[in-house]
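The structure appears below as structure tokens.
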Amino acid sequence: ATGLERELAANPHYEYCRRLGQLGAATVRSVGVGAYARYAERLRSRGQRLGDVKASALSNLSGWGCVFAASDPVPRR
């Protein structure tokens, strides 16, 4: 996380937002097996069509820690 934060802070816009308090420090989490399935299911449950789900580095949704903490992959329907 320290290395990631250092690399992100090399971008002046990121560093400025951090100084203003608009962004918190970056965190790194291992998401494990089935993470993409849980990610896609979360978006699908919010009304997004499965074919429109794309991996994204950033999201304005909260609660991802709980989604990715699940130990079992989401079953396919």
Side-chain angles (χ1 to χ4, degrees):
T2 302
L4 174 61
E5 186 67 27
R6 183 176 45 253
E7 292 295 319
L8 290 170
N11 179 306
H13 300 289
Y14 178 84
E15 194 273 331
Y16 181 66
C17 290
R18 286 283 287 127
R19 275 190 292 132
L20 289 177
Q22 293 176 335
L23 295 173
T27 58
V28 176
R29 295 181 187 224
S30 175
V31 294
V33 175
Y36 185 78
R38 290 191 296 276
Y39 169 80
E41 178 57 24
R42 168 91 188 277
L43 296 179
R44 192 203 60 76
S45 72
R46 294 178 53 82
Q48 191 168 347
R49 292 182 350 178
L50 195 53
D52 293 335
V53 172
K54 305 292 183 259
S56 174
L58 301 173
S59 172
N60 62 353
L61 299 176
S62 62
W64 287 110
C66 294
V67 171
F68 291 129
S71 59
D72 297 327
V74 175
R76 295 197 178 258
R77 294 175 197 223

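- Rounding to the nearest 0.5 Å places CD of Gln22 at 12.0 Å from OH of Tyr14.
- In this structure Arg6 satisfies the side chain to side chain donor-acceptor pair (under 3.5 Å) test with no other residue, sequence neighbours excluded.
- Taking Asn11 as the reference, nothing meets the side chain to side chain donor-acceptor pair (under 3.5 Å) condition, with sequence neighbours excluded.
- Among residue pairs with one or both ends in residues 28-37, none qualify as side-chain hydrogen bond (donor to acceptor under 3.5 Å, both in side chains); sequence neighbours excluded.
- Note on Val28 and Val33: separate hydrophobic clusters, where clusters join Ile, Leu, Val, Met, Phe, Trp and Tyr whose side-chain heavy atoms are under 4.5 Å apart, directly or indirectly.
- Among residues two or more places apart in sequence or in another chain, the side chain to side chain contact (heavy atoms under 4.5 Å, CB included) test is passed with Leu61 by Arg42, Leu43, Arg46, Ser59, Trp64.
- Listed by chain and residue number, Glu5 satisfy the side chain to side chain donor-acceptor pair (under 3.5 Å) test with Arg18 (two or more places apart in sequence, or in another chain).
- Of all the heavy atoms in Ala1 and Ala26, the pair that sits closest is CB-O, 4.0 Å.
- Contacts classified as ring pair (Phe, Tyr, Trp, His ring centres under 6.0 Å) and involving residues 41-60 (residues at least two apart or in different chains) are not found.
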